[in-house]
Amino acid sequence: MRFDVLTLFPDLFRPHLEQGITRRAFESHQVDVHLWPLRDFADDNYRRVDDRPYGGGPGMVLLAEPLQRALAAVRDARGGTPGPLVHFTPTGRRLDQALVREFAEGSGAILLCGRYEGIDQRFLDRHVDLEVSLGDFVLSGGELAALALLDAVARLQPGVLGDAQSHAQDSFSDGLLDCPHYSRPERLGSGADAQPVPAVLLSGHHAEIARWRRERALELTARRRPDLIAAARAAGALGAADERFLASLGL
Ligand code: SAM
């Protein structure tokens, strides 16, 4: 799949694409990322791509015309590869794992990173297919949101994670939050304050370990995100044993 990123700050992307486990997806071009510096599409010697807002007020607005030229160049380079134009903005649809999965199974997209006060609305009205928000807070630019999407998509690609089961156990994969995880030592600290690993994890009983993990995930989800439990119920994803366990907690 191919992602084209329209940004004022391409250098913000490079370190991330070259490090960590997801770099496998980028280096192998399973997730093929092309960076398009917006200033390359300015039409003056100052490489200017922003100007003051009509109507006055603070800040600057990204100009429509350089963006039109950039988009035409990207569409040309993508040839026949389709891909929606995704604009990152706090006013968009909240990014979640369901949307990440849609992208991970698609052929890619063009990612538009805003800066300053935002982008001339006329460009957005005419060209954008989807607006995506990272959450209810305001960043300085769309680059971190684009990187979040690229990272989440990359780790879902076959062969990227060491263990193919890893992301199947992650939060949201089966509609629940993930269970807690433990590693060495078996007892952390000493005396009355020592923190032992839950005994069942040392028991070697795979069925009991799986049940314990499921119950911890159910309990955590019910306490922190009852909306996810309601959605899992509606989707028929909770079994009788799950419901008995939740009822035993009064949840
Ligand atoms: N004036 C805009 C508003 O209040 O909605 C905020 C502009 S923000 C300072 C600059 C750019 O950062 C935006 O154009 C957008 O691309 C990006 N951005 C900021 N917060 C974001 C969020 N929560 N999710 C996705 N992108 C965000």
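Both counts, for ligands and for their atoms, begin at 1 and track the order of listing. Only this structure's heavy atoms are used, side chains among them; waters, hydrogens and symmetry mates stay out.
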Taking NZ, NE, NH1 and NH2 as the nitrogens, is one of them in Arg244 or Asp242 under 4.0 Å from a carboxylate oxygen of the other? no
Pairs touching residues 171-195 that satisfy salt bridge (Lys or Arg N to Asp or Glu O under 4.0 Å), sequence neighbours left out: Asp174-Arg214
Give the residues near ligand 1 by chain and number, with the criterion being a heavy-atom distance under 4.0 Å. Phe88, Thr89, Pro90, Gly114, Arg115, Tyr116, Glu117, Gly118, Val132, Ser133, Leu134, Gly135, Phe137, Val138, Leu139, Ser140, Gly141, Gly142, Ala145
For Asp227, enumerate each residue passing the salt bridge (charged side-chain N to carboxylate O under 4.0 Å, His left out) test, keeping only those at least two apart in sequence or located in another chain. Arg225
Please determine, by modelled atom types, if Thr89 and Glu131 share a side-chain donor-acceptor pair under 3.5 angstrom. no
ring-ring contact (aromatic ring centres under 6.0 Å, His included) pairs touching residues 111-159, sequence neighbours excluded, are Phe123-His127
Hey, are the side chains of Leu112 and Leu124 touching, using non-hydrogen atoms and a 4.5 Å cut-off? yes
